[in-house]
*Asks:* 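Can you keep this structure in mind? I'll have questions shortly.
Here is the naming used below: chain letters follow the sequence lines, and residue numbers restart at 1 for every chain.
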Amino acid sequence: GQQLNQSPQSMFIQEGEDVSMNCTSSSIFNTWLWYKQDPGEGPVLLIALYKAGELTSNGRLTAQFGITRKDSFLNISASIPSDVGIYFCAGHLKPSGRNRDDKIIFGKGTRLHILP
Amino acid sequence: EPEVTQTPSHQVTQMGQEVILRCVPISNHLYFYWYRQILGQKVEFLVSFYNNEISEKSEIFDDQFSVERPDGSNFTLKIRSTKLEDSAMYFCASSDGGYNSPLHFGNGTRLTVT
């Protein structure tokens, strides 16, 4: 089945540092999504990517949809304490012959820790 | 900003009991989903629902699970006879059905089966 490999599994950084995490897949996806999950809450959408090669920013966050449609990265610049949490990539595939595939596959997450 | 709401936030039940998890999706959304997350693990797809029927389900979503949209606002997940391994966070999500539209998640219900 489709799987997403997300790395790194966890990161420990100093406040103010830049962060980079990525996701790869053996399958091609039509959409890449990046979510953040805070403790005790549901995933919150950060960035959605719809076209291969697309580079999209949301404040200090930047994400790119890889040209091969099998990978994506998320960068966070100048990290702050509220960036702590788990970041999930998710892929959405639209198979041929159907109007939509309702299933989104999630990576295992990157847990971001910020050292005092 | 409209949001997906889920109740209860935490439910404790005994093994073998039935539970119903409730969700109110965003009002103009047409596609509804349930996902679950076992503690410390990734978010897993359970089922998607559109036009009053299941459109896709995973192997996790066996005969013990069912979903229903009993009225114009609620979307429920029922587990008929809970097992210990059903303990997890259950997330409801909805989307407006636009091309590749992203999902919006609720804050989840933590189900603990004892």
*Asks:* How about A/Arg111: does its CZ atom have over 12 heavy atoms from other parts shown lying under 6.0 Å from it?
*Replies:* no
*Asks:* Around atom CD of A/Gln14, are there more than 12 heavy atoms of other residues, nucleotides or ligands at under 6.0 Å?
*Replies:* yes
*Asks:* Heavy-atom count check: over 12 atoms from other residues, nucleotides or ligands less than 6.0 Å from A/Lys51 NZ?
*Replies:* no
*Asks:* Does B/Glu85 CD have over 12 foreign heavy atoms under 6.0 Å away?
*Replies:* yes
*Asks:* For the residue pair B/Leu103 and A/Leu45, what are the closest heavy atoms and their distance?
*Replies:* O-CB, 4.5 Å
*Asks:* How long is the gap from OG on B/Ser95 to NE2 on A/His92, to the nearest 0.5 Å?
*Replies:* 7.5 Å
*Asks:* Which pair of non-hydrogen atoms, one from A/Leu33 and one from B/Pro102, has the smallest distance, and what is that distance?
*Replies:* CD2-CB, 3.9 Å
*Asks:* Given the options B/Gln37, B/Gln41, B/Met89, which has more heavy-atom pairs under 4.5 Å with chain A than any of the others?
*Replies:* B/Gln37
*Asks:* Would you say that more than 12 heavy atoms from the other residues, nucleotides or ligands in this model lie under 6.0 Å from the NZ of A/Lys108, or not?
*Replies:* no
*Asks:* Taking B/Tyr35 for the side chain and A/Ile104 for the main chain, is one N or O donor matched with an acceptor at less than 3.5 Å?
*Replies:* yes
*Asks:* Checking side-chain contact (heavy atoms from CB on, under 4.5 Å) for the pair B/Val43/A/Phe88: CA distance, chi angles, key distance, verdict?
*Replies:* CA-CA 9 Å; B/Val43 180; A/Phe88 289 99; 4.3 Å; yes
*Asks:* Passes side-chain contact (heavy atoms from CB on, under 4.5 Å), A/Gln37 versus B/Phe91? Steps please.
*Replies:* CA-CA 12 Å; A/Gln37 185 179 27; B/Phe91 292 105; 3.3 Å; yes
*Asks:* Looking at B/Asp71, I want to see if its CG is surrounded by more than 12 non-hydrogen atoms of other residues, nucleotides or ligands under 6.0 Å.
*Replies:* yes
*Asks:* If you take all heavy atoms of B/Phe105 and A/Pro43, which pair is closest and at what distance?
*Replies:* CB-O, 3.3 Å
